[in-house]
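Please read all numbers here as calculations on a predicted model, not as lab measurements.
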Amino acid sequence: MIGRIFFPAMILVCAGIFGIAAVGFPLMELQEGFGPGLFPKFISITVMVLCAFEITREIAVAREQGAVKWDWGISRDEAINSGILIVAVVSALLAMPYVGFVIAGTALVMFLSVVMGLRPLWKGLLTSATITISLYWIFSEGFGVIFSF
């Protein structure tokens with residue numbers, strides 16, 4: 001039971017750190033009022049809200065059961081994968097100022113799809129390329145943002 005509250009809380013903290021780091025991203029003086037820091041902030045806030053809902057739901061379930069079980073509720077492999085996820089996101093965040101969001105984001109999605117077991121490898125590459133091209137198209141055509149590579 002504790003693991004079902006602890007791990008969403010860890011992800012909530014990591015998303016908060018990600019959002020705080022995104023505050024330092026440069027802002028463009030666009031008429032729409034957004035810049036490269038908007039998307040990471042949006043992801044951070046969304047993940048934090050979803051984690052807060054999950055924590056609240058787990059607490060409600062524990063109260064309904066009447067007793068808190070001190071079972072972590074997570075296997076060794078799940079704990080290792082959680083650690084890999086955190087390291088991958090932090091690494092992508094640190095790489096973004098040097099290689100840009102498009103390359104770092106593509107590498108992150110590719111790596112995580114492989115870690116999560118997406119096989120064969122070309123499916124991970126296809127997924128990450130599709131996500132990157134979609135994001136590029138949405139922001140360049142939909143919002144009129146020009147990406148610099």
Side-chain angles (χ1 to χ4, degrees), residues 1-28 30 32-121 123-139 142-143 145 147:
M1 184 69 208
I2 296 302
R4 296 186 185 271
I5 296 171
F6 179 72
F7 287 105
M10 279 181 32
I11 293 172
L12 187 135
V13 169
C14 288
I17 293 169
F18 185 77
I20 290 169
V23 171
F25 284 7
L27 296 176
M28 287 188 228
L30 299 175
E32 293 84 8
F34 59 87
L38 176 69
F39 193 65
K41 289 175 197 170
F42 177 72
I43 291 173
S44 172
I45 291 169
T46 303
V47 170
M48 289 172 64
V49 167
L50 292 174
C51 285
F53 282 138
E54 180 64 18
I55 292 168
T56 305
R57 188 182 70 81
E58 288 298 333
I59 290 172
V61 168
R63 285 186 179 170
E64 286 177 9
Q65 292 176 351
V68 176
K69 298 176 185 175
W70 292 97
D71 178 24
W72 282 91
I74 188 167
S75 69
R76 179 178 177 265
D77 291 339
E78 290 170 335
I80 290 171
N81 286 342
S82 297
I84 290 171
L85 171 70
I86 291 169
V87 169
V89 170
V90 169
S91 299
L93 180 63
L94 293 173
M96 277 182 201
Y98 302 105
V99 298
F101 172 76
V102 175
I103 294 172
T106 302
L108 175 65
V109 173
M110 176 67 183
F111 177 73
L112 291 179
S113 63
V114 170
V115 168
M116 292 180 352
L118 185 60
R119 300 288 187 258
L121 192 60
K123 284 185 180 180
L125 182 60
L126 181 65
T127 302
S128 61
T130 302
I131 289 171
T132 302
I133 291 168
S134 299
L135 285 175
Y136 176 80
W137 184 81
I138 288 169
F139 279 92
F143 297 122
V145 176
F147 289 100

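- Here the straight-line distance linking atom CD1 of Ile55 with atom CD of Glu58 works out to 9.5 Å at 0.5 Å rounding.
- Partners of Thr46 under the side-chain contact (heavy atoms from CB on, under 4.5 Å) rule, at least two apart in sequence or in another chain, are Phe42, Leu50.
- A distance of 9.0 Å separates OG1 in Thr130 from CG in Leu125, rounded to the nearest 0.5 Å.
- Every residue two or more places apart in sequence or in another chain that forms a side-chain contact (heavy atoms from CB on, under 4.5 Å) with Cys14 is listed here: Ile86.
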Show which side-chain atoms of residues 103-111 pair as donor or acceptor with protein atoms under 3.5 Å away, not counting sequence neighbours.
unit_1	atom_1	unit_2	atom_2	d
Thr106	OG1	Val102	O	2.7
Thr106	OG1	Thr132	OG1	2.5

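- Residues satisfying the side-chain contact (heavy atoms from CB on, under 4.5 Å) criterion with Val13, sequence neighbours excluded, are Ile17.
- Residues passing the side-chain contact (heavy atoms from CB on, under 4.5 Å) test with Thr56, sequence neighbours excluded: none.
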